[in-house]
Amino acid sequence: MFRYLTAGESHGPQLTAIIEGIPAGLNLSEEIINADLARRQGGYGRGGRMAIEKDQVEILSGVRWGKTIGSPITLCVKNKDWANWQEKMSPKERFRDDNIHVTRSRPGHADLPGAMKYDHRDVRNILERSSARETAVRVAVGSVAKALLGQFNIDICGFVSELGGIKAIRPKLCLADLRSTVAKSEVYTCDSSVEPGMKELIDEAKSAGDTVGGVVEIIASGVPAGLGSHVQWDRKLDGRIAMAMMSIQAFKGVEIGLGFEAAARKGSNVHDEIFYDRSRASQGSMTGYYRVTNNAGGIEGGMTNGEDIVVRAAMKPIPTLYKPLRSVDIVSKEPFEATVERSDVCAVPAASVVAESVLAIELADAFMVKFGGDSIEEMQRNYAGYLEYLKNF
Ligand SMILES: Cc1cc2nc3c(=O)[nH]c(=O)nc-3n(C[C@H](O)[C@H](O)[C@H](O)COP(=O)(O)O)c2cc1C
């Protein structure tokens with residue numbers, strides 16, 4: 001199993017993740033992870049924080065001479081801003097300063113429910129951890145998952161498919177070409193015709209002190225049939241993917257394949273008919289079975305069916321607005337109009353990288369459950385045996 005935990009506050013010294021279960025012998029370097037961290041930091045519409053932070057990962061355990069050794073992997077991403085926060089975020093009691101409490105909670109953020117739940121009168125104790133700064137280290141974990149999946153020719157690409165209501169049309173490209181198209185876009189979209197409109201929308205929102213959300217789409221190719229299971233609720237892969245996506249800060253909806261649109265169509269216009277051609281298996285396909293549509297998004301009955309996995313997820317507009325929203329001070333109970341100094345206007349491009357990472361983690365977990373071994377070589381043997389079996393099924 002691929003297990004991980006993250007720790008760390010937004011203005012603390014660092015974000016840390018410990019990953020358990022990665023087999024020995026996987027090539028892993030800080031450079032691979034840093035490339036994903038740089039993508040998460042980019043994208044049109046980010047705020048001042050991104051100019052301060054230039055995220056770099058440090059691998060502190062579990063890797064020796066460029067390869068995993070089977071022990072837990074510790075990843076750390078330092079917060080450069082820590083230098084300005086050492087006393088305000090210090091674990092030492094002598095730095096306590098009740099005059100710097102944050103008592104104004106932002107609508108749409110974790111501030112008020114978190115303060116009520118944990119009995120805090122200083123909202124900073126909530127916002128530091130609820131902040132999406134945490135996604136920096138989650139992306140680092142996702143890079144490890146992608147490295148593992150890459151050993152088995154499973155590829156993943158995420159992009160912005162909708163921004164503030166402007167929809168992109170995905171061109172019919174292989175994932176490598178789709179990735180290079182997305183890499184050329186400042187808003188990480190796959191459709192250059194809608195990019196100027198998306199940027200204009202972000203600029204308009206910025207001038208109005210507002211924020212915008214959107215939809216990200218993630219596709220995984222090369223995934224064999226049979227990951228996940230129908231037998232128990234928590235083994236259903238679609239359920240696990242939905243939970244992972246919804247755990248991303250500000251994500252409010254998930255669709256697999258047709259998703260909500262399926263509810264409006266007739267069954268005959270939804271389900272992907274099944275065909276068989278024996279020669280496909282000898283020409284590079286994993287099986288002779290194939291579909292001409294993929295409305296299921298690659299998952300039926302909680303299991304992968306051999307088609308591409310297609311997941312879309314909706315991100316709400318960022319809750320910290322320059323334009324004041326009405327709220328109430330949690331100490332004085334007086335109304336106030338929240339204003340902010342620094343925040344993103346739109347983080348949907350960055351969120352597409354986070355979503356790519358969490359899908360990679362769920363697929364890596366399901367892959368390890370099915371083909372698990374203590375070394376990459378052992379997994380490869382297990383996988384090769386399964387592929388041989390599938391070809392003849
Ligand atoms: C990549 C990314 C960047 C974000 N940046 C901000 C930000 O700058 N300001 C903000 O208020 N919220 C930001 N958010 C969203 C909040 O973290 C999120 O809305 C908050 O934690 C409350 O959780 P919820 O929206 O899931 O209920 C960001 C989310 C993501 C995924």
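One-based numbering, in listed order, for ligands and for the atoms of each.
- With respect to K206 and D203, no salt bridge is recorded, no charged nitrogen being found less than 4.0 Å from a carboxylate O.
- Using a 4.0 Å cut-off between a side-chain N of Lys or Arg and a carboxylate O of Asp or Glu, D55 and R40 qualify as a salt bridge.
- The nearest heavy-atom contact from the protein to atom 23 (O) of ligand 1 is A250 N, 4.1 Å.
- Near K252, meaning under 4.0 Å from one of its heavy atoms, ligand 1 places the atoms 24 (P), 25 (O), 26 (O), 27 (O).
- Taking only non-hydrogen atoms, the option from T211, I318, L127 nearest to atom 6 (C) of ligand 1 is I318.
- Heavy-atom contacts of S130 reach the following atoms of ligand 1: 17 (O), 21 (O) (cutoff under 4.0 Å).
- In this structure a side-chain-to-backbone donor-acceptor pair under 3.5 Å is present from E128 to H11.
- Geometric assessment of K88 against the ring of F95 yields a negative cation-pi assignment under the 6.0 Å and 45° thresholds.
- Near A132, meaning under 4.0 Å from one of its heavy atoms, ligand 1 places the atoms 2 (C), 3 (C), 4 (C), 17 (O), 28 (C), 29 (C), 30 (C).
- By the 4.0 Å N-to-carboxylate-O rule, R265 lies close enough to E261 to be salt-bridged with it.
- Nearest non-hydrogen protein atom to atom 22 (C) of ligand 1 is G108 O, 3.8 Å.
- The aromatic rings of F367 and F152 sit tilted relative to each other, their planes meeting at an angle between 30° and 60°.
- In terms of protein heavy atoms, atom 9 (N) of ligand 1 is closest to S343 OG, 2.9 Å.
- Counting atoms of ligand 1 from 1 in the listed order, those under 4.0 Å from a heavy atom of M315 are 29 (C), 30 (C), 31 (C).
- For ligand 1 and K316, the ligand atoms under 4.0 Å from any heavy atom of the residue are 19 (O), 24 (P), 25 (O), 27 (O).
- Ion pairing between a basic and an acidic side chain is recognised when a charged N comes within 4.0 Å of a carboxylate O; R3 and D365 show no such pairing.
- Among all protein heavy atoms, the one lying closest to atom 3 (C) of ligand 1 is A347 CB, 3.4 Å.
- Looking at atom 20 (C) of ligand 1, its nearest protein heavy atom turns out to be H109 CE1, 3.4 Å.
- Salt-bridge annotation for D98 and R96: present, with a side-chain N of the basic residue lying under 4.0 Å from a carboxylate O of the acidic one.
- For an aromatic pair to be called close, the ring centres must be under 6.0 Å apart, and F371 with Y383 satisfies this.
- Y4 and F2 have perpendicular rings, their planes meeting at more than 60° on a 0 to 90° scale where under 30° would count as parallel.
- Of the polar atoms of S131, none of the N or O atoms is found under 3.5 Å from an N or O of ligand 1, judged by distance alone.
- Geometrically, ligand 1 and T135 share no nitrogen or oxygen pair separated by less than 3.5 Å.
- The protein atom (non-hydrogen) at minimum distance from atom 5 (N) of ligand 1 is D344 OD2, 3.0 Å.
- In terms of protein heavy atoms, atom 11 (O) of ligand 1 is closest to T320 OG1, 2.2 Å.
- Among all non-hydrogen protein atoms, the one lying nearest atom 31 (C) of ligand 1 is Q249 O, 3.3 Å.
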